[in-house]
Engineer: 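Structure in structure tokens, see below.
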Amino acid sequence: MPFTIATWNINSVRLRIGLVEHFLRTHAPDVLCLQETKCPNELFPREAFEALGYGHVAIHGQKGYHGVATISKLPFEDIVRQDFCAIGDARHLSVRLKAGDTPIRIHNLYVPAGGDEPDPDINVKFRHKLDFLEEMRAMRAGGEEGVSAILVGDLNIAPFEEDVWSHKQLLKVVSHTPVETDGLLRVIEEGGWDDLVRRAIPRPQKLYTWWSYRSKDWTAGDRGRRLDHIWASPDLGGKLVSASVLREARSWERPSDHVPVMAAIDL
DNA sequence: ATGGTAGTGTGACTA
């Protein structure tokens, strides 16, 4: 049995707990990493996960905004919440667990969206995003001796031309500007990460994980972006069985604007 | 060029 992991920006875990339950019943990953839970820790719906066999729930939430959670069938050996940019946002959570005999550090990240104007001098949100990216450079796939690593989350950047519906039309749109895409690719390269989803579904195939709410019909023109990612240390990359994007979830009732992304690794 | 929708929680913010 391979080890399976999924990441999903759920845009309110309480509002969409029914969709999450449906996803866990039908796909049953060993670990599910959620972003944008928008839920204070004391109100997190732990019981729903426990009832489905996910007895291990690590949360890093705050009221109203952001928030990440890692839901697991396997127990955690360590939990870390990193305060990126030291402003108290709940945007990171990492756990260490053992999958079979393999210790794995799993980082769950929600990178700032960055606002509308891609100029750090006039847009503090974009400045924050670039600062966050800079801080991510310290995240190394080989950071812990003898521990494999996975980094997942809504990274809010579509790094390759084939990760957006129109490279040309999005070059000046936050999420696909050169300073962001170069920055993210540098984090991958310097950190020694392996982009598992692009390993399984290589370019030039187009691939998206997010479609805006601001359109009557999300399928019209298929104007998506690949904002959600699964990276791993090279030892795990070599054992990748499959990776996939659950596109159909965008058509579920009252959907998130992001869909689940999954990977299976043969340990 | 603009505005379009969604969530939290009833304001204005974030995305």
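Convention: sequence-line order gives letters A, B, ...; per-chain numbering from 1.
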Engineer: Say we look at B:dG3 and B:dG7: how far apart would their P atoms be, to the nearest angstrom?
Structural biologist: 22 Å
Engineer: Does B:dG7 have OP1 or OP2 sitting under 4.0 Å from an N or O in the side chain of A:R254?
Structural biologist: yes
Engineer: Measure from CD on A:E117 to P on B:dA1 and round the result to the nearest Å.
Structural biologist: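 Result: 12 Å.
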Engineer: Taking the ring of A:F23 and the ring of A:W8, is the distance between their centroids below 6.0 Å?
Structural biologist: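 Yes, they do, as the ring centres are separated by less than 6.0 Å.
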Engineer: Which is more 5' along DNA chain B, the nucleotide nearest A:R91 or the one nearest A:L15? Just name the residue.
Structural biologist: A:L15
Engineer: Between C1' on B:dT5 and CD on A:E36, what's the gap in Å once rounded to a whole number?
Structural biologist: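 Distance, rounded to whole Å: 13 Å.
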Engineer: What is the distance, to the nearest angstrom, from the CG atom on A:D257 to the C1' atom on B:dT8?
Structural biologist: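 Atom CG in A:D257 sits about 15 Å away from atom C1' in B:dT8.
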Engineer: For A:V13 and for A:H258, find the nucleotide of DNA chain B with the closest heavy atom, then tell me which residue's nucleotide is more 5'.
Structural biologist: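 That would be A:V13.
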Engineer: Show me the protein contacts with nucleotides 9-13 of chain B, counting only N or O atoms at under 3.5 Å.
Structural biologist:
none

Engineer: Check whether the ring centres of A:F49 and A:F44 lie less than 6.0 Å apart, and answer yes or no.
Structural biologist: yes
Engineer: Round to the nearest Å and state the distance from A:R214 atom CZ to B:dT14 atom P.
Structural biologist: 13 Å
Engineer: Applying side-chain hydrogen bond (donor to acceptor under 3.5 Å, both in side chains) as the test, list every pair that has at least one member in residues 74-84 of chain A; sequence neighbours left out.
Structural biologist: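 For residues 74-84 of chain A, and leaving out neighbouring residues, the side-chain hydrogen bond (donor to acceptor under 3.5 Å, both in side chains) pairs sorted by first residue read A:E77-A:R96, A:D78-A:R105.
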Engineer: For A:W211 together with A:H258, are the ring centres under 6.0 Å from each other?
Structural biologist: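 Here the rings of A:W211 and A:H258 have centres that are no less than 6.0 Å from each other.
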Engineer: Whole angstroms only, please: what is the CD-C1' distance between A:Q35 and B:dG7?
Structural biologist: 16 Å
Engineer: Between A:Q62 (CD) and B:dA15 (C1'), how many Å, whole number?
Structural biologist: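 For the pair A:Q62 CD and B:dA15 C1', the rounded distance is 13 Å.
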Engineer: If the cut-off is 4.0 Å, is A:S12 near the phosphate of B:dT8, judged by side-chain N/O to OP1 or OP2?
Structural biologist: yes
Engineer: If you measure from the P atom in B:dA15 to the same atom in B:dG9, how many Å do you get, rounded?
Structural biologist: 15 Å
Engineer: Any donor-acceptor pair, under 3.5 Å, between the side chain of A:R16 and the base of B:dA6, if you only look at N and O atoms?
Structural biologist: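 No, the side chain and the base share no sub-3.5 Å donor-acceptor pair.
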Engineer: Determine, stepwise, if the pair A:V261 / A:L246 fulfils side chain to side chain contact (heavy atoms under 4.5 Å, CB included).
Structural biologist: CA-CA 6 Å; A:V261 180; A:L246 192 65; over 6 Å; no
Engineer: Using the P atom in both, what is the distance from B:dA1 to B:dA12, to the nearest Å?
Structural biologist: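 Result for the P pair: 31 Å, nearest Å.
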Engineer: Please measure how far the P atom in B:dT14 lies from the corresponding atom in B:dT10, and state the result in whole Å.
Structural biologist: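 Straight-line distance between the two P atoms is 16 Å.
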Engineer: Measure centre to centre between the rings of A:H107 and A:H92, then say whether the value is under 6.0 Å.
Structural biologist: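 Judged by ring-centre distance (under 6.0 Å), A:H107 and A:H92 do meet the cut-off.
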Engineer: Mind calculating the distance between CH2 (A:W210) and C1' (B:dT5) to the nearest angstrom?
Structural biologist: 11 Å
Engineer: Are A:R226 and A:D195 close enough for a salt bridge, meaning some N to O gap below 4.0 Å?
Structural biologist: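 Result for this pair is yes, salt bridge flagged.
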Engineer: Distance check needed: B:dG7 P versus A:L34 CG, whole Å only.
Structural biologist: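 Atom CG in A:L34 sits about 16 Å away from atom P in B:dG7.
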